Amino acid sequence: MKDTSKHQGLRNQLSKVLNSKGITNENVLNAIRQIPRHLFIDSSFEDHAYKDKAFPIAAEQTISQPYTVAFQSQTLAILPNDKVLEIGTGSGYQTAILLELKAEVFTIERQRELFKKTSLFLPKLGYNPKRFIFGDGYKGLPDQAPFDKIIVTAGAPFVPKPLLSQLKVGGMLLIPVGGEKQIMTLFIRKSVKEFEKKELGDFAFVPMLEEKN
Ligand code: SAH
């Protein structure tokens, strides 16, 4: 696993591109400059790593576009020690960003191949979530709830109720909702019973998969 000054230069450029697209949170931009994204994709496609594009990884899944990862991280205003639940570990790139932002991260992946691969890979880079979970994101993680922030990184056909109920009061759920295209939707828990909802534009994620039997 190699990280060179060439890669660092490409990351610095990528952070400028993201800044020009509206990412202004310095901690998020700094995380983009720190994380060797080329190590998260197959080495023969290394050239693609620092373009602002999604890219295929194993099990017909994708590593999200850097802008999307940065947008979700900025919108959730991740603070040090925030207790964060991530649905859709995938390559672990978003997980690494959350960890660079010093959050305490619980991350769920429902495809065994990706779960295995990423739970071995991230610690090698020094990124250690509190827990990697092989399971179904629709259920959230009741035994660790409540969370400050919940981030969903796959397109959800509907908003899973358990995710809303696992937020702290004042907490936020950020979830792309829809079919082929999704609307990035933010829920802020105002009180035990009240949620404020904001729609933040169109995105395109791979679909959130129903639980396997
Ligand atoms: N954050 C990832 C994005 C990966 S794409 C990254 O930066 O690489 C979305 C991921 O969500 C895929 O890995 C997919 O397998 C996973 N996923 C889909 N449905 C899920 C579910 N019901 N529960 C948990 N993970 C799910």
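All figures in this text were calculated on a predicted structure; none of them were measured in a lab. Every number for a ligand or one of its atoms is a count from 1 in the order of the listing.
- Between Gly137 and ligand 1, a contact under 3.5 Å exists for at least one N or O pair.
- The atoms of ligand 1 that sit less than 4.0 Å from any heavy atom of Tyr138 are 22 (N).
- Residue Glu86 touches ligand 1 through its side chain alone, judged by heavy-atom distances below 4.0 Å.
- Contacts with ligand 1 closer than 4.0 Å are made by heavy atoms of both the backbone and the side chain of Leu209.
- Heavy-atom contacts of Ile108 reach the following atoms of ligand 1: 24 (C), 25 (N) (cutoff under 4.0 Å).
- Residues Asp52 and Gln65 bring a donor and an acceptor atom of their side chains to less than 3.5 Å of each other.
- For ligand 1, the atoms sitting less than 4.0 Å from at least one non-hydrogen atom of Gly90 are 4 (C), 13 (O), numbered in the order shown with element in parentheses.
- Partners of His7 under the ring-ring contact (aromatic ring centres under 6.0 Å, His included) rule, at least two apart in sequence or in another chain, are His38.
- Residue-level proximity to ligand 1 for Thr89 is carried by the backbone, the only part with a heavy atom below 4.0 angstrom.
- Under the 4.0 angstrom criterion for non-hydrogen atoms, Val69 is not in contact with ligand 1.
- With a 4.0 Å cut-off on non-hydrogen atoms, Met208 touches ligand 1 through its backbone as well as its side chain.
- Heavy atoms from both the backbone and the side chain of Gln94 come within less than 4.0 Å of ligand 1.
- For the residues Arg37, Gln61, Glu109, Gln65, the heavy atom positioned nearest atom 16 (C) of ligand 1 is part of Glu109.
- With hydrogens and angles left out, the side-chain atoms of Glu199 and Thr185 include no donor and acceptor closer than 3.5 Å.
- Applying the salt bridge (charged side-chain N to carboxylate O under 4.0 Å, His left out) test to pairs two or more places apart or on separate chains, those with a residue in residues 89-108 are Glu104-Lys130.
- With no hydrogens or angles considered, no side-chain donor-acceptor pair links Thr89 and Gln94 at under 3.5 Å.
- An N or O contact shorter than 3.5 Å is missing between Val206 and ligand 1 by distance.
- Residues Arg131 and Thr107 have side chains not in contact (no heavy-atom distance under 4.5 Å, counting atoms from C-beta outward).
- Taking a cut-off of under 4.0 Å to the non-hydrogen atoms of Thr62, the atoms of ligand 1 that pass are 3 (C), 4 (C), 5 (S), 8 (O).
- A donor-acceptor contact closer than 3.5 angstrom links the side chains of Ser191 and Glu194.
- Looking at Asp82 and Lys149, a side-chain N of the basic residue comes within less than 4.0 Å of a carboxylate O on the acidic one, giving a salt bridge.
- With Phe40 as the fixed residue, the ring pair (Phe, Tyr, Trp, His ring centres under 6.0 Å) test singles out one of Phe55, Tyr50, Phe121: Phe121.
- The part of Leu114 lying near ligand 1 is the side chain, judged by heavy-atom distances below 4.0 Å.
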